[in-house]
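Below is one structure, written out as structure tokens; comments come after it.
We count ligands from 1, going down the list as the structure has it; atoms in each ligand are counted the same way.
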Amino acid sequence: MSISCRITVGAILAVLAAFSSSSSSQPVTPAGCPSSCGEVTIPYPFGLSEDCYLNPSFLITCNDTFSPPKPFLRKSNIEVANISLEGELRIYTYVGSSCKNNQSGDWTTNSTISKTQLSSFSFSTTKNRFTAVGCDTLATVTILNGDNSSSGCLSMCNNYDSVSQGSCDGFGCCQTAIPKNIRNYTISVGTYRNLTDVWVSIPCSHVFIAEEASFKFSKDNLTNMQPHESVPTVVDWAVWNETCAGASEISSSYACKADNSLCYDPQDINGYRCNCSQGYRGNPYMTNGCQDINECVDPNDNECEKICVNTPGNYTCSCPGGFHGDGRRSGEGCIRNESLVVKITVGVSAGIIVLLFFVGFLYFWMKRRNLIRLKEKYFKQNGGLLLQQQLGNGDASTSSNARIFTAEELKKATGNYNESRIVGRGGYGTVYKGISPNKTVVAIKKSKQVDPTQVQQFVNEVTILSQINHRNVVKLLGCCLETEVPLLVYEFVSNGTLFDHIHGGTKMSWETRLRIAAETAGVLSYLHSAASIPIIHRDIKSTNILLDENYVAKVSDFGASRLVPLDQAEMSTLVQGTLGYLDPEYLRTSTLTEKSDVYSFGVVLVELLTGKMVLSFDKPEEERCLAMYFLSSLKEGRLFQIVEDSNVKSDDDAQQVKEVAMLSKRCLRMRGDERPTMKEVAMKLEGIRVMAQHPWVAVELNHEETHNLLGEAFKSLDHAYTSTTNESMMDQLLPSMSGGR
Ligand SMILES: *[C@@H]1O[C@H](CO)[C@@H](O)[C@H](O)[C@H]1NC(C)=O
Ligand SMILES: *[C@@H]1O[C@H](CO)[C@@H](O)[C@H](O)[C@H]1NC(C)=O
Ligand SMILES: *[C@@H]1O[C@H](CO)[C@@H](O)[C@H](O)[C@H]1NC(C)=O
Ligand SMILES: *[C@@H]1O[C@H](CO)[C@@H](O)[C@H](O)[C@H]1NC(C)=O
Ligand SMILES: *[C@@H]1O[C@H](CO)[C@@H](O)[C@H](O)[C@H]1NC(C)=O
Ligand SMILES: *[C@@H]1O[C@H](CO)[C@@H](O)[C@H](O)[C@H]1NC(C)=O
Ligand SMILES: *[C@@H]1O[C@H](CO)[C@@H](O)[C@H](O)[C@H]1NC(C)=O
Ligand SMILES: *[C@@H]1O[C@H](CO)[C@@H](O)[C@H](O)[C@H]1NC(C)=O
Ligand SMILES: *[C@@H]1O[C@H](CO)[C@@H](O)[C@H](O)[C@H]1NC(C)=O
Ligand SMILES: *[C@@H]1O[C@H](CO)[C@@H](O)[C@H](O)[C@H]1NC(C)=O
Ligand SMILES: *[C@@H]1O[C@H](CO)[C@@H](O)[C@H](O)[C@H]1NC(C)=O
């Protein structure tokens, strides 16, 4: 149970005592003034003698009779424990006690405090507590320097156990705050119950104003506290009795003498105090008392992370080279300048990326450009310009359907030259089956390298062949010159080669064979008689005669063909052709005439007649070369022994076989000029055919098969056909064709 009350006017006791001592550091006193008394430092404005204190309020009396000497406040008996420049000093005050007199039963007061000596200072309201220890104690404190207002507390206890150890909660000990500005007070102690029903063995009550922090209540204090015992008490001091506003800085009595000092008005006490400005420390009441703090000495005084430079009243932080930032721990601190490195790195990386991108772009652009250039180069190399000119400048009657394909088109058409698309492979190159951009099936021939010196001829060949619109010639649809080797695009002939059918077991009737022979002869005659520039096929053989689904012959592979200029009846070339079909005279002389084609055609005729291989190395020597074997057999009258049986099914057949055999024999003459012309051969074969079909009808030449040759050639050929059936006249008309050796 505790009571805290304000009672106007109290009574009885005033207790307090004070003792003190002090300590100091730095120049705390003016020169010549002792700075301490005993162990207590006495800083200015306090002083031990007249010239050493600010004013008499700050007099400290040092009593040397004690050992060590003890300081007392002014001329009183209040001992000073210590003094701080922040406006506090500690004194020792005496505990006031009141004990019940056994005899009289009266209370006796044992101790009082001087009421006047603390005149200019006051007890700290915040740090002190009015405390009473007892078991039937009503303690009051009355402020005498004001309106006699009182404060007090009540402490009760019935027995030892009811006292709480360690806390002044009203059981054995009570505490209360003291009013402000107490300089003069009396403490009175009374009983609440006249000590009835109380713990009678505790006859004394003790009251005092003491520093709260220094008094820790213990149960023992009920019995062990002695009257006249001293306790530390905190006293606020200030320069009496003006405020900062009232105290003039220019006045000689102004206390804040130090430069870099400030004046401030304390809250709890009249008067003012001085303080050193921030960044300075020392004694602001003394001239030069405030010294700059070198914050850089103690890391706790500054917040520099790396470099600290002291300045008057302050300090600056900085960062060493390679760092940036404000250098403050609470701020940015010092940041390694790697951000610059990072920046550079990032910049360089970005640059590199951009560069790479650019280079990549350039690379692909160059590559593409090179590709285009290469294409252009090939195009030129392959005679593209010439060809374009020739194909392009022809008038409507001569312009062909041939066109120039792009490399991409053909790549797409052949599925990127897929192996599965290959339909033929030979000395000439590779043939792929493909689908052209306009959805027709085409054969695409990848030629062998074109000799740059023969570009003109190649171009002419392509030009001419593209304009041949003969039903028995594999039509050239176009070409592509953008690739390293020219690509030729032909109509696709579905039924394979004549060779396949002769030697592949297909039963071709004699009639078909004869028609194929006639058709082939017709084509060759047509080529040879091409007016301005006769064409020599040079590689007539059964593998170069393709058959469509109706077994119509289509002569193909003009890759070896040579155009024979009119003013040059014969030309020297490298011997080229296929063994077995090769004209022996050409082989011997290297001189090419169209009679070489006649010889080769003769071999094909024999092949058709006999169904035998042109060269059979597994046969006896005399049978190895079909042409020779045929001629010798014919000479020995054994024609029908070597002719394929299926060819001779009737007497008519036999007659025709015989005639074809005779024609073959002529074609196979060793001397080219003894061989018939292709025209003659063609007419003869046609004659044999027609007679077989309509023995009663006279020979009639078929114009249809030979019309529509290009321009001039067409007309002259047509003329040749229509105007004559006479061999000699034809020779006159076409001197170059018959002008062999
Ligand atoms: C010092 O203290 C003693 C004992 O308390 C006292 O007798 C004496 O008068 C004091 N001296 C002064 C100068 O106050
Ligand atoms: C002052 O005295 C009190 C109580 O005796 C003590 O706690 C404190 O440390 C002292 N201060 C100085 C600066 O001596
Ligand atoms: C008071 O009286 C009691 C007994 O009645 C005794 O024990 C005690 O010592 C006395 N105290 C004093 C201070 O005389
Ligand atoms: C205080 O009490 C003690 C004993 O308790 C006594 O010796 C002394 O004389 C008393 N002092 C006063 C002033 O009554
Ligand atoms: C303190 O109180 C006493 C008694 O009432 C009085 O004589 C004295 O003048 C007062 N001192 C101050 C400073 O109020
Ligand atoms: C305060 O108390 C004193 C004596 O104790 C008395 O003389 C004075 O008149 C009182 N003052 C007030 C304002 O009550
Ligand atoms: C307290 O008790 C004493 C005797 O023990 C008596 O003389 C006195 O009158 C009492 N006081 C009160 C206020 O009861
Ligand atoms: C209170 O009691 C404790 C423990 O016995 C003791 O140390 C302390 O000095 C006492 N206080 C006072 C003011 O006598
Ligand atoms: C307080 O200040 C007033 C007015 O300046 C003055 O009259 C008075 O004497 C001062 N008191 C003390 C104790 O210095
Ligand atoms: C006095 O100055 C110091 C440093 O400038 C500061 O820390 C302190 O709070 C100041 N004291 C008062 C009471 O203003
Ligand atoms: C000290 O310097 C810092 C920054 O330089 C500034 O923020 C601070 O206010 C200064 N302190 C004083 C007391 O001038």
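For the pair Arg129 and Glu212, the salt-bridge criterion is met [side-chain N within less than 4.0 Å of a carboxylate O]. Using a 4.0 Å cut-off between charged side-chain N and carboxylate O, Arg90 and Glu211 make a salt bridge.
Those atoms of ligand 8 that come under 4.0 Å of a heavy atom in Met225, given as number and element, are 12 (C), 13 (C), 14 (O). Per-residue contacts place Asp220 under 4.0 angstrom from the following atoms of ligand 8 (heavy atoms of the residue considered): 5 (O).
Closest non-hydrogen pair, Glu305 versus Gly333, comes out as OE1-CA, 3.4 Å. When all heavy atoms of Lys219 and Gln165 are compared, the pair lying nearest together is N-OE1, 2.9 Å.
Listed by chain and number, residues touching ligand 1 at under 4.0 Å (heavy atoms only) are Asn63, Thr65, Phe66.
When ring centroids are compared, Tyr53 and Phe58 stay outside the 6.0 Å threshold. Proximity of the aromatic rings of Phe208 and Phe215 is defined here by a centroid distance below 6.0 angstrom, and this criterion is met.
For the pair Lys216 and ligand 8, the shortest N or O to N or O distance does not fall below 3.5 Å.
Under the ring pair (Phe, Tyr, Trp, His ring centres under 6.0 Å) criterion, Tyr417 pairs with Tyr432, sequence neighbours left out.
Cysteines Cys33 and Cys52: SG-SG separation is under 2.5 Å.
Contact annotation for Asn224 and ligand 8: only side-chain heavy atoms (C-beta onward) come within less than 4.0 Å of the ligand.
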